[in-house]
Amino acid sequence: MQRARDQHFLATHTVSAASIISLCSLAVHLLLPEAASHVLAATLLTLIAGVYIGFAVTDGRLSRIISESIVACLFVGFATWALMRAPHLIPFGYLAHAGWDFLHHTPLFKVAMPHWYIPACVVVDFLVGVGLWLIWAL
């Protein structure tokens, strides 16, 4: 059964699939009024941050559950603050989350999850962060 899960599109075409997901997400932002785009971006950042809590719960180690929950709460706090005070900083939350994703490749933050998830999330977070910055700056 594990082998079947490793053969789906995201597992076999991680970077290209993540890039397509990013571009589709950014296309939605192009269609929205800027204020609505800010709200959507902040909301999605909080949801993205929460995914690691689910992986930590599946992993089962209390230390991972606590650390992932704390970091997710920090991203929620940042997204909320940025939305209310400085929406133009929301893209930096995505870039910071790409860094958090990358840290999961180190033994310090090892959490049981599909092998393709971390690189896919790094790509999505990075492209969406840069894309939102460009959309809102132009």
Side-chain angles (χ1 to χ4, degrees):
M1 180 160 22
Q2 178 66 30
R3 184 176 178 152
R5 284 187 284 192
D6 290 340
Q7 299 305 313
H8 64 79
F9 189 75
L10 275 169
T12 58
H13 300 89
T14 304
V15 173
S16 56
S19 298
I20 291 168
I21 291 167
S22 302
L23 294 175
C24 291
S25 173
L26 291 169
V28 172
H29 288 276
L30 288 170
L31 301 172
L32 293 174
E34 191 168 311
S37 178
H38 292 159
V39 171
L40 178 61
T43 301
L44 290 177
L45 179 59
T46 63
L47 292 172
I48 290 167
V51 170
Y52 281 117
I53 298 172
F55 286 134
V57 169
T58 301
D59 181 275
R61 291 177 290 162
L62 183 60
S63 62
R64 296 291 60 135
I65 295 168
I66 291 170
S67 64
E68 297 295 346
S69 296
I70 289 169
V71 172
C73 287
L74 292 171
F75 277 103
V76 169
F78 171 79
T80 303
W81 171 84
L83 182 60
M84 293 176 10
R85 302 284 183 218
H88 63 282
L89 295 180
I90 294 170
F92 294 105
Y94 282 86
L95 297 176
H97 197 267
W100 179 241
D101 298 328
F102 188 76
L103 284 176
H104 283 80
H105 275 296
T106 67
L108 183 61
F109 293 99
K110 208 67 150 159
V111 175
M113 65 185 71
H115 73 277
W116 54 265
Y117 183 81
I118 295 170
C121 202
V122 169
V123 169
V124 169
D125 287 343
F126 179 79
L127 291 178
V128 170
V130 170
L132 288 174
W133 177 77
L134 289 170
I135 290 169
W136 296 342
L138 301 177

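Since this is a predicted model, take the numbers as computed values, not measurements.
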Working to the nearest 0.5 angstrom, can you tell me the gap between [X] [atom1] and [Y] [atom2]?
X    : Y    : atom1 : atom2 : result
W116 : L10  : CH2   : CG    : 4.5 Å
L134 : L30  : CG    : CG    : 10.5 Å
I118 : F102 : CD1   : CZ    : 10.0 Å
F75  : T46  : CZ    : OG1   : 11.5 Å
H38  : L132 : NE2   : CG    : 8.5 Å
D125 : L45  : CG    : CG    : 7.5 Å

Inset, instruction - Determine whether more than 12 heavy atoms belonging to other residues, nucleotides or ligands lie under 6.0 Å from atom CZ of F126. - result: no
Inset, instruction - Step through the shown structure and confirm whether more than 12 heavy atoms of other residues, nucleotides or ligands are within 6.0 Å of CH2 on W133. - result: no
Report whether [X] and [Y] are members of the same hydrophobic cluster (ILVMFWY, side-chain heavy atoms less than 4.5 Å apart, transitive linking).
X   : Y    : answer
I90 : V28  : yes
V57 : M113 : no
Y94 : L89  : yes
F92 : L103 : yes
V71 : L47  : yes

If you compare all heavy atoms of [X] against all heavy atoms of [Y], which two are closest, and at what distance to 0.1 Å?
X    : Y    : value
E68  : A56  : CG-CB, 3.7 Å
S25  : V128 : OG-CG2, 4.4 Å
G129 : P91  : O-CB, 3.1 Å

Contact between [X] and [Y] at the side-chain level, heavy atoms closer than 4.5 Å - yes or no?
X    : Y   : value
F55  : D59 : no
W136 : P87 : no
V111 : T58 : no
L127 : S19 : yes

Inset, instruction - If the plane angle is over 60° it's perpendicular, under 30° parallel, otherwise tilted; pick one for W100 and H104. - result: perpendicular
Inset, instruction - Determine yes or no for a side-chain-to-main-chain donor-acceptor pair under 3.5 angstrom, with T80 supplying the side chain and V76 the backbone. - result: yes
Inset, instruction - Look at the side chain of S22 and the backbone N and O of A18, then say whether any donor-acceptor pair between them is shorter than 3.5 Å. - result: yes
Legend entry - D101 and Y52 side chains, donor-acceptor separation under 3.5 Å: yes
